[in-house]
Amino acid sequence: MYCQRLSSSLFAWVVLVTALSAHPSLAANDAATEFAIETWMTEHGMPQNSVTALLQTRHGYIWAATYSGIAQFDGDRFRVFDSATAEGLPNSRITSLFEDAKGDIWAGHDTGDLTRYSKGRFYPEKILGKWTPGMIAGIGADMRGDLWMLNIRGEAQRIRDGLVLKPPPEMAEFPSLVPQLVADGQQRLLMVRNGYVAAITPEGIQRMEFPSSEPRPYYACVTPAQKGGLWIPGDGRVRRWAAGAWQEDLGPYPWTNAFVMSMMESSNGYLLVGTLERGLFIRSPTFGWMNLNRTNGLPQDWIRCFVEDREHNLWIGNSGGLVVLRPRSVVMYSPPDEWHGRPV
């Protein structure tokens, strides 16, 4: 009789886990069981709670940009760089970070300034090209190793010689969201602005087209896929584009009509989607879609940026602090009835 009860309980537990995997809505609150969550704010040493950009340097430090300076985190404490304490930093309003092949770190400012950090010092960089002054939304390197920066209006500038590229008219209209700059798996620089995707090349900014059933498809973000190609949310679905065709479809958006701000696929296959008002959506290879927000682990719902460190921890730039998700080695499960209070 005891063995029969044990077998029945085990069967029920397996059915529960299978159901969580099959139904994303049931898995939506289980991110806290798959990750250990830790948050740092101003009381822990951050210069400000709103994180605008993230980077792990080759020395292992996590750099978190804010509007009040840069926080360098060594896993234990913060060192803050701001215009009052760091010589060569023209102002503290940092909006983008990038480490080049030499190990120099480039910081783009909300004011349109550009700063380089090399061998422990900051150096203001002269902007050579004639482009529209404004927030530097992203910095990246192309397949030739040239550094580019992107301003809020969608203009791209090659840093070494000041070559300025203007976006197509439909991408140049005044945006509702900050544009995105991302390098794909072939180190091709891509820009996303006003719902369009384009490649940045020395010859110009070239729009990319994707098959769609909608007259005006809108693509808020793209990110490189571990299997190759790009993950692209569009037409109300999350799909993988590779070799000139849609190769994989993850189904409808779980975030409905929320604005998508950032996106990343981790080395472990987690697909992270950050929204403006509904927190973080994570697609787990095991459980499907899960949601983290201010009700179950995050300080705020506005997700701005991501970075994965060398230990596969996921760092989240949040409007309420710096958050790290550490994958748990042990995952705990509990049924909705909490076993009626009985020991297992």
Problem - Donor on one side chain, acceptor on other, S92 and S83, under 3.5 Å - result: yes
Problem - Test: R278 and D301 ion pair at under 4.0 Å - result: no
Practice task
Starting from the C-alpha separation in whole Å, work towards a yes-or-no answer on side chain to side chain donor-acceptor pair (under 3.5 Å) for S267 and E308.
Solution key: CA-CA 8 Å; S267 58; E308 180 181 11; 2.6 Å; yes
Practice task
Start with the C-alpha gap between D142 and R188, add the side-chain angles, then the distance that decides, and say whether salt bridge (charged side-chain N to carboxylate O under 4.0 Å, His left out) holds.
Solution key: CA-CA 6 Å; D142 64 16; R188 178 179 52 168; over 6 Å; no
Problem - Presence of salt bridge, R326 and E311, under 4.0 angstrom - result: no
Practice task
Find out whether the Lys NZ or Arg CZ of R79 is both under 6.0 angstrom from the six-membered ring centre of Y61 and within 45° of the ring's axis.
Solution key: no
Fill in the blank from the handout: Paired with W63, the ring pair (Phe, Tyr, Trp, His ring centres under 6.0 Å) test is passed by just one of W315, F98, F81, W106, namely F81
Problem - Ring-face cation of R304 near W302 (centre distance under 6.0 Å, axis angle within 45°) - result: yes
Problem - Electrostatic pair D249:R239 at N-O distance under 4.0 angstrom - result: no
Exercise for the section: Kindly check if the number of other-residue, nucleotide or ligand heavy atoms within 6.0 Å of CG (N257) is above 12? Expected result: no
Exercise for the section: Could you tell me whether the side chains of E99 and T57 share a donor-acceptor contact shorter than 3.5 Å? Expected result: no
Problem - Proximity of Y123 and Y117 rings by center, below 6.0 Å - result: no
Problem - Pair E214 + R216: basic N to acidic O under 4.0 Å - result: no
Handout entry: Pair S266-H312, side-chain donor/acceptor within less than 3.5 Å
Key = no
